[in-house]
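What follows is a set of notes on a single structure, which appears directly below.
Throughout, residue positions are numbered sequentially from 1 according to the sequence presented. Because only heavy atoms are used, hydrogens play no part in the values below, and waters and symmetry mates are left out as well, while side chains stay in.
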Amino acid sequence: MDINEKAKELAYYIKGTREFKTMNKYKEELERNKSLKKHLDTYLNKKNQIYSRYKIDDANKRISKLNKEYINFFNDPIVTNYMNSTNEFNSMMKKIYSAIENELLK
């Protein structure tokens, strides 16, 4: 058994999931709207800078403030759909990682 082939096979199955397809659909929709995409990129950059510069408690306070500044942005249906679908995909991936970990610990 070649582990790289199994990884490719797993990626193939993940690409076929509803979660991946939905996330990809909304990602493409977001990317077609250059203004929203740029706004999201700016938000994510600011968020990453906060997490890299501050300790967790201070970072969480600053992220909360940042989120309030972007509240109208997150109410846009395109952004909402993208963020929700990304969360669903990440939840699915977490379950996969947990299942792998459980198998390794047997």
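Qualifying salt bridge (Lys or Arg N to Asp or Glu O under 4.0 Å) partners for K21, counting only residues two or more places apart in sequence or in other chains: none. Annotation: side-chain contact (heavy atoms from CB on, under 4.5 Å) contacts of L44 (sequence neighbours excluded): L40. In this structure Y13 satisfies the ring pair (Phe, Tyr, Trp, His ring centres under 6.0 Å) test with no other residue, sequence neighbours excluded. Scored by the side-chain contact (heavy atoms from CB on, under 4.5 Å) test, N75 finds I71, N72 as partners (sequence neighbours excluded). In this structure, A11 has no side-chain contact (heavy atoms from CB on, under 4.5 Å) partners at least two apart in sequence or on a different chain. Checked against side-chain contact (heavy atoms from CB on, under 4.5 Å), N33 has the following partners two or more places apart in sequence or in another chain: S35, L36, I78.
Under the 4.5 Å side-chain contact rule for hydrophobic residues, L10 and I3 do not share a cluster. When the side chains of ILVMFWY residues are joined at heavy-atom separations under 4.5 Å, either directly or via intervening members, F20 and Y97 end up in a single hydrophobic cluster. Residue M23 is not grouped with residue Y26 when hydrophobic side chains (ILVMFWY) are merged at heavy-atom distances under 4.5 angstrom, including chains of intermediate members. Two different hydrophobic clusters hold Y12 and I96 under the rule that ILVMFWY side chains link at heavy-atom gaps under 4.5 Å.
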Identify every side-chain donor-acceptor pair in residues 85-93 under 3.5 Å, counting partners at least two apart or on other chains, and give the distances.
{"from": "S85", "atom 1": "OG", "to": "N81", "atom 2": "O", "distance (Å)": "3.0"}
{"from": "S85", "atom 1": "OG", "to": "Y82", "atom 2": "O", "distance (Å)": "3.0"}
{"from": "T86", "atom 1": "OG1", "to": "Y82", "atom 2": "O", "distance (Å)": "2.8"}
{"from": "N87", "atom 1": "ND2", "to": "M83", "atom 2": "O", "distance (Å)": "3.4"}
{"from": "E88", "atom 1": "OE1", "to": "R18", "atom 2": "NH1", "distance (Å)": "3.3"}
{"from": "N90", "atom 1": "ND2", "to": "T86", "atom 2": "O", "distance (Å)": "3.4"}
{"from": "S91", "atom 1": "OG", "to": "N87", "atom 2": "O", "distance (Å)": "3.1"}

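The salt bridge (Lys or Arg N to Asp or Glu O under 4.0 Å) analysis of residues 45-58, with sequence neighbours excluded, yields the pairs D58-R62. Listed by first and then second residue, the ring-ring contact (aromatic ring centres under 6.0 Å, His included) pairs that reach into residues 43-68 are Y43-Y70, Y43-F74, sequence neighbours excluded. Evaluation of the salt bridge (Lys or Arg N to Asp or Glu O under 4.0 Å) test over residues 8-17, restricted to residues two or more places apart or in two chains, returns E5-K8, K6-E9. Residues in residues 89-106 take part in these salt bridge (Lys or Arg N to Asp or Glu O under 4.0 Å) pairs, two or more places apart or across chains: E103-K106. Residue pairs meeting the salt bridge (Lys or Arg N to Asp or Glu O under 4.0 Å) criterion with at least one member in residues 63-73, sequence neighbours excluded, do not occur.
The NZ atom of K61 sits 10.5 Å away from atom OG of S64, with the distance rounded to the nearest 0.5 Å.
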